[in-house]
K.L.:
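For reference, the structure I am asking about is given below.
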Amino acid sequence: LKSGKWREAVAAYLACVHYADACVGRVLDALSASRHGANTIVVLLGDHGWHLGEKQHWQKFTLWERSCRAPLVIAAPGVSKAGGACRRPVEFLDLYPTLGDLCGLPANRGNEGVSLRPLLGDPGAAWTRPAITSNGPDKISVRTARWRYSRFPDGEELYDHSNDPNEWTNL
């Protein structure tokens with residue numbers, strides 16, 4: 001910001017995202033053209049978000065949606081539907097139980113996560129589990145489909161995503 005390079009930095013960040021998307025597309029096209037495309041589960045996940053000046057932040061590591069949200073794509077032949085999108089908050093710790101379930105392996109009762117298979121088959125399926133994010137033992141956020149509640153050493157924040165998707169008004 002001090003050097004006046006904000007616009008160029010945002011453009012470079014977006015160019016990197018665009019390039020990564022194009023590379024993923026090439027890999028998926030090659031998989032589809034191979035003999036393994038019909039029996040391969042694909043999982044694509046990414047790092048959590050980065051503030052590009054929103055709310056006066058230029059960094060990661062906040063408990064707001066922009067920083068906590070991360071991409072997760074799962075394509076499971078015979079289960080998920082092409083182009084399907086689910087907006088439910090889930091956690092990466094659900095990946096192990098999901099992959100085990102999709103592969104027909106017995107569940108490990110010691111896992112905290114749950115299989116996302118119901119959401120893969122029906123993105124609108126009932127889902128009551130929240131997603132929890134932590135930036136340390138004293139900075140925790142709980143996200144449901146509608147709400148984000150965050151707790152810090154010096155206070156709390158509550159946002160209603162149905163009315164305030166950008167988390168501007170702390171209720």
Side-chain angles (χ1 to χ4, degrees), residues 13 16-51 59-153 156-159 161-162 165 167:
Y13 181 90
C16 289
V17 170
H18 179 76
Y19 179 72
D21 285 348
C23 290
V24 168
R26 292 181 67 191
V27 170
L28 294 178
D29 288 345
L31 176 62
S32 293
S34 79
R35 62 185 175 94
H36 302 290
N39 68 353
T40 300
I41 298 167
V42 175
V43 177
L44 175 67
L45 61 126
D47 196 9
H48 58 93
W50 186 273
H51 290 281
Q59 63 184 10
K60 295 184 176 204
F61 308 114
T62 69
L63 291 177
W64 291 315
E65 186 79 3
R66 176 71 68 182
S67 184
C68 292
R69 187 175 174 149
L72 174 60
V73 177
I74 303 173
V79 178
S80 58
K81 295 168 185 62
C86 179
R87 300 286 177 208
R88 307 265 199 251
V90 299
E91 299 177 314
F92 286 161
L93 63 86
D94 297 327
L95 285 174
Y96 180 88
T98 301
L99 291 171
D101 185 8
L102 292 171
C103 293
L105 300 173
N108 179 343
R109 302 286 180 222
N111 287 338
E112 292 182 39
V114 298
S115 176
L116 301 174
R117 187 181 192 130
L119 295 176
L120 295 175
D122 177 9
W127 191 258
T128 59
R129 293 178 57 89
I132 299 170
T133 304
S134 173
N135 275 348
D138 56 352
K139 298 174 190 162
I140 309 269
S141 182
V142 179
R143 177 71 157 88
T144 67
R146 180 172 179 183
W147 302 96
R148 176 179 299 284
Y149 169 74
S150 300
R151 189 163 151 167
F152 309 90
E156 300 170 290
E157 294 178 2
L158 177 65
Y159 299 100
H161 275 252
S162 64
E167 300 176 335

K.L.:
Do Cys68 and Leu63 have side-chain heavy atoms sitting under 4.5 Å apart?
P.N.:
yes
K.L.:
Just do the side-chain contact (heavy atoms from CB on, under 4.5 Å) check on Arg129 and Val90 with the steps written out, would you?
P.N.:
CA-CA 8 Å; Arg129 293 178 57 89; Val90 299; over 6 Å; no
K.L.:
Within a strict 4.5 Å, meaning less than it, do heavy atoms of the Ile132 and Ile140 side chains meet?
P.N.:
yes
K.L.:
Is it the case that atom CD in Glu112 sees more than 12 heavy atoms from other parts of the structure closer than 6.0 Å?
P.N.:
no
K.L.:
Minimum heavy-atom separation for Cys86 and Pro123, please, with both atom names.
P.N.:
SG-O, 3.5 Å
K.L.:
Tell me the closest heavy-atom pair linking Trp64 and Glu157, and the distance in Å.
P.N.:
NE1-OE1, 3.0 Å
K.L.:
Using every non-hydrogen atom in the two residues, find where Gly136 and Ser134 come nearest and quote the distance to one decimal.
P.N.:
O-OG, 2.7 Å
K.L.:
Would you compute the distance between atom CG of Asp101 and atom CZ of Arg117 and round it to the nearest 0.5 angstrom?
P.N.:
5.0 Å
K.L.:
Salt bridge check: are Glu65 and Arg143 linked by an N-O gap of less than 4.0 Å?
P.N.:
yes
K.L.:
Can you find a heavy atom in the side chain of Pro153 that is under 4.5 Å from one in the side chain of Lys139?
P.N.:
yes
K.L.:
Minimum heavy-atom separation for Pro77 to Gly37, with atom names?
P.N.:
CG-O, 4.2 Å
K.L.:
Would Ser141 and Arg148 count as having a side-chain donor-acceptor pair, cut-off 3.5 Å?
P.N.:
yes
K.L.:
Using only atom types and a distance under 3.5 Å, with no angle test, would you say the side chain of Arg88 pairs donor to acceptor with the backbone of Gly124?
P.N.:
yes
K.L.:
I'd like to know if the side chain of Asn108 and the backbone of Gly110 have a donor-acceptor N/O pair within less than 3.5 Å.
P.N.:
yes
K.L.:
Let me confirm one number: the CZ-OG1 distance from Phe152 to Thr62, rounded to the nearest 0.5 Å.
P.N.:
8.0 Å
K.L.:
Kindly give the heavy-atom pair with the smallest separation between Pro89 and Ala145, and that separation in Å.
P.N.:
CG-N, 3.8 Å
K.L.:
Taking the side chain from Asp94 and the backbone from Gly113, do they hold a donor-acceptor pair closer than 3.5 Å?
P.N.:
no
K.L.:
So how far is it from Asp29 CG to Ser32 OG, rounded to the nearest 0.5 Å?
P.N.:
6.5 Å
K.L.:
Can you list everything that forms a side chain to side chain contact (heavy atoms under 4.5 Å, CB included) with Leu95? Sequence neighbours excluded, please.
P.N.:
Val43, Leu45, Leu72, Ile74, Phe92
K.L.:
Which distance, rounded to the nearest 0.5 Å, do you find between the CD of Glu91 and the CG of Leu116?
P.N.:
9.5 Å
K.L.:
Does CZ belonging to Arg151 count more than 12 external heavy atoms closer than 6.0 Å?
P.N.:
no
K.L.:
With rounding to the nearest 0.5 angstrom, report the OG1 to OH distance, Thr144 to Tyr149.
P.N.:
13.5 Å
K.L.:
About how many Å separate CG of Asn135 and OG of Ser67, when rounded to the nearest 0.5 Å?
P.N.:
6.5 Å
K.L.:
Under 4.5 Å between any side-chain heavy atoms of Leu120 and Thr98, yes or no?
P.N.:
yes
